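Only one structure is covered here, and it is reproduced in the block below.
What you see is a predicted model; the values in this text were computed from it and never measured.
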Amino acid sequence: IVSPEGGYVTQRQEPKMALIKVRLQGNSLSLDAPGMPTLQLPTKPQTDKSQVGNVTIKVDTTEYLDCGEKAAAWVNKYLGRQGLKIGFSAPDLSKRDAITAQKLWDHNAKKGDLLSFSDYSSYMLMTAQSMNVLNSKLEKPVYILNFRPNFVVDGCEAFDEENWSEVKIGNVQFRNIDDCTRCLLTTVDPYTGVKSKEEEPIKTLRTFRCRSKYGPKPVMGICLAPDSLGDVSVGDPVYVKYK
């Protein structure tokens with residue numbers, strides 16, 4: 001979602017975005033939200049250069065294809081805003097490169113680790129055991145969806161993922177490019193779209209998951225870059241190489 005100023009809009013500013021449900025149906029992408037009709041968008045829209053704009057994500061700028069007036073009206077009505085647009089990163093538009101990320105610490109991204117609208121990497125992995133440890137310290141447990149992982153691995157020690165340099169899921173190879181630093185977005189309940197007034201779970205994470213190199217940002221999970229392409233499925237074996 002693109003703001004009128006050309007910035008990107010996330011659950012940090014609009015927690016209600018957590019309630020937007022996305023479904024793939026053939027060649028259509030369906031968006032549903034409470035009180036809203038279903039919005040259907042093509043998964044392969046034709047790139048009209050007159051509808052291409054720029055969006056700023058943190059310090060990077062990349063291109064997006066404007067999904068049109070109907071999509072804009074839908075998201076503005078749902079969020080009670082004006083001037084928002086829905087953007088699509090078409091394959092032939094420019095991408096960002098994780099190696100250019102401006103961080104206050106070293107990271108392991110390589111040139112060609114491309115991404116579109118996500119903060120830093122296309123994939124994020126967590127372990128179920130890490131989540132269990134966090135919830136054991138919380139008065140009110142949170143959902144793993146608070147952290148929005150692409151992959152959840154079971155059957156290993158809590159936080160062991162931080163020791164992995166490479167991960168293979170099924171036949172697809174990934175590299176660990178950095179620990180995943182966490183922000184207030186984790187405080188949004190994925191089922192209500194409401195932020196925690198107590199700023200949990202990040203408040204508790206800061207008590208035991210901070211690292212000197214990351215300053216005040218606690219870490220939970222790892223950022224991955226793919227080195228091969230393929231399909232992964234629930235239940236696939238996961239192989240790891242330790243640092």
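Put simply, CD on E199 and CD1 on I202 are 8.0 Å apart, with the number rounded to the nearest 0.5 Å. Considering SG of C67 and CG of L29, their distance stands at 8.5 Å, rounded to 0.5 Å. Atoms CD and CG, from E166 and D227 in turn, are 7.5 Å apart once rounded to the nearest 0.5 Å. Remark: S122 OG to L114 CG distance equals 8.0 Å, nearest 0.5 Å. With rounding to the nearest 0.5 Å, the separation of OG1 in T187 from NZ in K203 is 12.5 Å. One distance of note links SG of C210 with CG of L205; it measures 8.0 Å at 0.5 Å rounding.
Between L41 and A71, the shortest heavy-atom distance links the atoms CD2-CB, 3.9 Å. In plain terms, the two heavy atoms of A33 and I20 that are nearest each other are CB-CG1, 4.2 Å. Residues G112 and D97 share a closest heavy-atom pair of N-OD2, 2.8 Å. Closest heavy-atom contact between V219 and R211: CG2-CG, 4.3 Å. Of all the heavy atoms in V188 and N146, the pair that sits closest is O-ND2, 3.3 Å. Scanning both residues, A128 and V152, for their nearest heavy atoms gives N-CG1, 3.9 Å.
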(request) Start with the C-alpha distance between L138 and E200, add both sets of side-chain angles, then the distance that settles side chain to side chain contact (heavy atoms under 4.5 Å, CB included), and finish with yes or no. (result) CA-CA 8 Å; L138 293 172; E200 291 291 10; 3.5 Å; yes

(message) For a salt bridge (charged side-chain N to carboxylate O under 4.0 Å, His left out) check, start with the C-alpha distance between K21 and D32, then their side-chain angles and the critical distance, and finish with the verdict.
(response) CA-CA 5 Å; K21 305 302 181 185; D32 289 285; over 6 Å; no

(request) Give the intermediate values and the outcome of side chain to side chain contact (heavy atoms under 4.5 Å, CB included) for residues L224 and F151. (result) CA-CA 10 Å; L224 299 177; F151 306 119; 4.2 Å; yes

(request) For Q173 and S228, run side chain to side chain donor-acceptor pair (under 3.5 Å): C-alpha distance rounded to whole Å, both residues' side-chain angles, the deciding distance at 0.1 Å, then the answer. (result) CA-CA 5 Å; Q173 192 81 25; S228 65; 5.9 Å; no

(request) Could you please spell out the steps behind the side chain to side chain contact (heavy atoms under 4.5 Å, CB included) verdict for M131 and V142? (result) CA-CA 9 Å; M131 196 69 205; V142 296; 3.5 Å; yes

(message) L84 vs L79, test: side chain to side chain contact (heavy atoms under 4.5 Å, CB included). Steps then yes/no.
(response) CA-CA 9 Å; L84 299 177; L79 295 179; 3.8 Å; yes

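With 3.5 Å as the limit, one finds no donor-acceptor pair spanning the side chains of Q129 and D160. Side-chain atoms of T10 and E14 form no donor-acceptor pair, as typed in the model, at a separation below 3.5 Å. Neither side chain, S28 nor Q40, offers a donor N or O lying under 3.5 Å from an acceptor on the other. There is no side-chain donor-acceptor pair under 3.5 Å between N176 and S165. S130 and T127 share a side-chain donor-acceptor pair at under 3.5 Å. Side-chain atoms of Y120 and D113 form no donor-acceptor pair, as typed in the model, at a separation below 3.5 Å.
Taking a cutoff of 4.0 Å between a charged side-chain nitrogen and a carboxylate oxygen, E63 and K95 do not qualify as a salt bridge. Salt bridge status for D179 with K213: absent, with no side-chain N to carboxylate O gap under 4.0 Å. Under a 4.0 Å N-O distance rule, the pair D60/R96 qualifies as a salt bridge. In summary, D119 and R12 engage in a salt bridge, as defined by a charged side-chain N under 4.0 Å from a carboxylate O.
Residues V75 and R81 fail the side-chain proximity criterion, which asks for heavy atoms closer than 4.5 Å. The side-chain heavy atoms of Y214 and D178, taken from C-beta on, include a pair separated by under 4.5 Å. Between F147 and M220, the closest side-chain pair of non-hydrogen atoms falls below 4.5 Å. Residues I222 and C180 fail the side-chain proximity criterion, which asks for heavy atoms closer than 4.5 Å. You'll find the side chain of V238 stays beyond 4.5 Å of the side chain of E161, heavy atoms only. Two residues are said to be in side-chain contact when any heavy atoms from C-beta on lie closer than 4.5 Å; R175 and K110 meet this criterion.
Screening residues 65-74 for salt bridge (charged side-chain N to carboxylate O under 4.0 Å, His left out), with sequence neighbours left out, gives D66-K85. Pairs of residues two or more places apart, or lying in two chains, never qualify as ring pair (Phe, Tyr, Trp, His ring centres under 6.0 Å) while including a residue from residues 52-83.
Sparse packing is recorded around NZ of K197, with 12 or fewer heavy atoms of other residues, nucleotides or ligands lying under 6.0 Å away. At most 12 non-hydrogen atoms from other residues, nucleotides or ligands lie less than 6.0 angstrom from NZ of K111. Other residues, nucleotides and ligands contribute over 12 non-hydrogen atoms within 6.0 Å of the CG atom of D92. Annotation for N132: atom CG counts as buried by contact number, over 12 foreign heavy atoms lying within 6.0 Å. The local environment of CD in Q13 is crowded, with over 12 non-hydrogen atoms from other residues, nucleotides or ligands closer than 6.0 Å. For Q82, the CD atom sits in a loose shell: 12 or fewer heavy atoms of surrounding residues, nucleotides or ligands are nearer than 6.0 Å.
Placement of L145 and L134 in two distinct hydrophobic clusters is found when ILVMFWY residues are connected by side-chain heavy-atom separations under 4.5 Å, directly or transitively. Hydrophobic clustering places L31 together with I1 (ILVMFWY residues linked when any side-chain heavy atoms are closer than 4.5 Å, directly or through intermediates). At a threshold of 4.5 Å between side-chain heavy atoms, the hydrophobic network of Ile, Leu, Val, Met, Phe, Trp and Tyr places L125 and V240 in one connected group. Hydrophobic cluster membership differs between L184 and I57, with clusters built from Ile, Leu, Val, Met, Phe, Trp and Tyr side chains linked at under 4.5 angstrom. Hydrophobic cluster membership differs between L115 and L229, with clusters built from Ile, Leu, Val, Met, Phe, Trp and Tyr side chains linked at under 4.5 angstrom.
At distances below 3.5 Å, not a single donor-acceptor pair connects side-chain atoms of S121 with backbone N or O atoms of A225. Judged by distance alone, with hydrogens and angles left aside, the side-chain atoms of S94 form no donor-acceptor pair with the main-chain N or O of T62 at under 3.5 Å.
Ring orientation note: the planes of F208 and F159 are nearly perpendicular, at an angle over 60° on the 30°/60° scale.
You'll find the ring centres of Y8 and F117 outside the 6.0 Å limit.
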